[in-house]
*Asks:* 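What follows is a structure written as structure tokens; I'll ask about it next.
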Amino acid sequence: MKFTEEQIVFRDTIRRMAEKHVAPIAAEVDENDRFPTELVELFGEMGLMQLWIPEKYGGPEGNLTLMCIAREEISRFSPACGSIAGLNTMFIMPLLHFGSEEQRQRFLPPLAKGGVVTAIAISEPQAGSDVSAMTTRAVRDGDSYVINGRKQWCSYGVEADYIVVMARTSGDRGAEGISAFVVEPKKTAGMTFGRHERKMGWRGAPNTPIFLDNVRVPIENLIGQEGKGFKASMRALDLNRPTIGAQAVGLAQGALDVSIAYAKERKQFKQSIGEFQGVQFMLADMYMNIEVTRALVYECARAGDEGDWHRLNILASVAKCFGSDMAMKVTTDAVQIFGGYGYTKDYPVERMMRDAKLAQIFEGTNQIQRMVIARQLLA
């Protein structure tokens, strides 16, 4: 991938910012599982949270390539912090592709100002990879919909000002009948949050169950047509999955960087461990896999930016699946290079290894991604 001059400037700006503001707090955010509100303010000022909002609504009008660049650079130090860049994408996309102009004029300008946290609530306790098994239901009542149900794994929902909630408006199963609604949790009665999930990694990015008890939403908050919300959620996921691949690249690059430094510094048998062929081969494999995945991610981003939806659909799954598998392997090897010290919290590689695992699970497990890829190949 050959970046334009503008993209290189953007990358270098994000890299300097991440080194100054993210690297110093990455370990502390993980240790305390703290949502870094200071980064919400900073990223909002830089236009990173609202990167995809078009200029006509006051946004920076970024694209998928810029999203991937931002998340890759920040994730070198913390993928949890990297997720805050472009955080509002999953909320913005259904509005841009399926919402009305009135809705875009209503919701996007406040987000464009920066510092506004949004979320999307799709998964449920019994409807994770199988979104069509969703049971949260929205029933029309006059000029409103009344929503009842429960959502699981809603990233940043507990911090959000706006949440896109997917709920069934007809039928009992299947993609048809799922609708998308904008809910303002801080202004809406009946929406409560459960216990903060205690995750192995990706700490600092809150996941909290959501309980919806007769939550009343005005009809004008229905995004697009009733029963067509599943399509909206799939489009949002297709555009977000490549950025997970980018985060995997950044995470792996961070692990390689510290592994190279350690291999030069650590001495055994009167020489640095980097002089041993076994370690050299590990470093070489780490580098090759990172470079291959980086090329894949930005090829996927290019397809998205050019509106090649057919190619994006399959490459999004490839980038997310291959990238996260790669990051798991690279971070595991990084722990091995550090030896006993790699297993301690005094060095960052154990945190990187824990963070890498989630990338293989969320936004659709890698088993699901392989099914998506195979089905498109056989279609």
Side-chain angles (χ1 to χ4, degrees), residues 49-59 61-64 67 86-112 116 118-124 127 131-132 134 136-140 143-145 147 149 151 154-157 160-171 174-185 188 212 215 217-243 303-313 316-317 363-364 372:
M49 292 186 67
Q50 66 274 37
L51 192 60
W52 219 310
I53 297 179
E55 286 184 1
K56 65 183 290 188
Y57 304 111
E61 195 158 351
N63 57 24
L64 187 52
M67 273 278 296
L87 175 62
N88 294 331
T89 300
M90 293 289 284
F91 179 87
I92 293 166
M93 283 303 154
L95 289 171
L96 287 180
H97 291 282
F98 301 98
S100 67
E101 181 59 24
E102 184 278 329
Q103 288 173 330
R104 290 190 282 270
Q105 292 286 353
R106 178 180 163 200
F107 294 114
L108 296 186
L111 268 65
V116 178
T118 66
I120 185 167
I122 303 175
S123 296
E124 298 180 2
V131 177
S132 65
M134 184 180 299
T136 295
R137 188 166 292 275
V139 178
R140 179 75 179 270
D143 293 333
S144 302
Y145 284 88
I147 305 177
K151 293 295 178 180
C154 179
S155 299
Y156 302 98
D161 299 286
Y162 302 98
I163 303 177
V164 170
V165 175
M166 298 289 173
R168 186 168 296 285
T169 47
S170 63
E176 293 296 322
I178 296 175
S179 302
F181 303 88
V182 176
V183 180
E184 299 180 59
T188 305
L212 302 109
V215 172
V217 180
I219 190 172
E220 56 266 26
N221 284 25
L222 170 68
I223 301 175
Q225 299 178 6
E226 185 177 295
K228 302 300 180 182
F230 184 83
K231 186 176 181 180
S233 67
M234 291 303 100
R235 176 62 58 85
L237 288 170
D238 279 344
L239 287 164
N240 201 56
R241 280 174 180 150
T243 72
D305 292 338
E306 293 178 353
D308 188 349
W309 298 114
H310 177 74
R311 187 160 168 75
L312 175 66
N313 286 344
S317 290
E363 297 281 349
V372 171

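Remember, it's a predicted structure, so these values are computed and weren't measured experimentally.
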*Asks:* Is any side-chain heavy atom of Phe230 closer than 4.5 Å to a side-chain heavy atom of Glu176?
*Replies:*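 A side-chain contact is absent here, since even the closest heavy-atom pair is not under 4.5 Å.
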*Asks:* Measure the spacing between CD of Glu220 and OG of Ser100 and express it to the nearest 0.5 Å.
*Replies:*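 It comes to 9.5 Å.
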*Asks:* Sequence neighbours left out, cut at 3.5 Å: what donor-acceptor pairs do the side chains of residues 86-98 make with other protein atoms?
*Replies:*
{"unit_1": "Asn88", "atom_1": "OD1", "unit_2": "Thr118", "atom_2": "N", "d": "3.2"}
{"unit_1": "Asn88", "atom_1": "OD1", "unit_2": "Thr118", "atom_2": "OG1", "d": "2.7"}
{"unit_1": "Asn88", "atom_1": "ND2", "unit_2": "Val116", "atom_2": "O", "d": "3.1"}
{"unit_1": "Thr89", "atom_1": "OG1", "unit_2": "Gly86", "atom_2": "O", "d": "2.8"}
{"unit_1": "His97", "atom_1": "ND1", "unit_2": "Arg235", "atom_2": "NH1", "d": "3.4"}

*Asks:* Do Trp309 and Leu239 touch side chain to side chain, with heavy atoms closer than 4.5 Å?
*Replies:*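 Counting from C-beta outward, Trp309 and Leu239 do come under 4.5 Å.
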*Asks:* I would like to know whether Asn240 and Glu363 meet side-chain contact (heavy atoms from CB on, under 4.5 Å); could you show each step before the answer?
*Replies:* CA-CA 8 Å; Asn240 201 56; Glu363 297 281 349; 2.8 Å; yes
*Asks:* Using side-chain contact (heavy atoms from CB on, under 4.5 Å), reason through Met134 and Ile122 one step at a time and then give a plain yes or no.
*Replies:* CA-CA 8 Å; Met134 184 180 299; Ile122 303 175; 4.2 Å; yes
*Asks:* Is it true that, when you exclude Glu184 itself, more than 12 heavy atoms of the residues, nucleotides or ligands shown sit nearer than 6.0 Å to its CD?
*Replies:*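 Counting other residues, nucleotides and ligands, CD of Glu184 exceeds 12 neighbours.
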*Asks:* Is there a side-chain contact between Tyr145 and Ser179 in this structure, where contact means two heavy atoms from C-beta onward sitting under 4.5 Å apart?
*Replies:*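 A side-chain contact is absent here, since even the closest heavy-atom pair is not under 4.5 Å.
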*Asks:* Could you report the tightest heavy-atom contact between Ile53 and Ala112, atom names first, then the distance?
*Replies:*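 Shortest heavy-atom contact: CD1-N, 3.6 Å.
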*Asks:* Can you name the nearest heavy-atom pair linking Pro109 to Arg104, along with the distance?
*Replies:*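 Looking at all heavy atoms of both residues, the shortest contact is CD-O, 3.3 Å.
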*Asks:* Which atom pair, heavy atoms only, marks the closest approach of Ser155 to Ala119?
*Replies:*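 Reported closest heavy-atom pair: O-CB, 3.4 Å.
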*Asks:* Where do Arg241 and Ser317 come nearest, in terms of heavy atoms and distance?
*Replies:*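 Residues Arg241 and Ser317, closest heavy atoms: NH1-OG, 4.3 Å.
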*Asks:* Working to the nearest 0.5 Å, report the span between CG of Asn63 and CD of Glu306.
*Replies:*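 One finds 10.5 Å between CG of Asn63 and CD of Glu306.
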*Asks:* Start with the C-alpha gap between Phe107 and Asn221, add the side-chain angles, then the distance that decides, and say whether side-chain contact (heavy atoms from CB on, under 4.5 Å) holds.
*Replies:* CA-CA 10 Å; Phe107 294 114; Asn221 284 25; 4.1 Å; yes
*Asks:* Any side-chain heavy-atom pair from Arg140 and Leu222 closer than 4.5 angstrom?
*Replies:*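 The answer is no; the side chains never approach within 4.5 Å.
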*Asks:* State the CG-CG distance between Asn313 and Leu237, to the nearest 0.5 angstrom.
*Replies:*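 Interatomic distance, Asn313 CG to Leu237 CG, rounded to 0.5 Å: 11.0 Å.
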*Asks:* Less than 4.5 Å apart, side chain to side chain, heavy atoms only: is that true for Thr136 and Met166?
*Replies:*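 With C-beta onward as the side chain, the pair stays apart.
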*Asks:* For the residue pair Leu64 and Leu312, establish whether any side-chain heavy-atom pair is separated by less than 4.5 Å.
*Replies:*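 Yes; the side chains approach each other to less than 4.5 Å.
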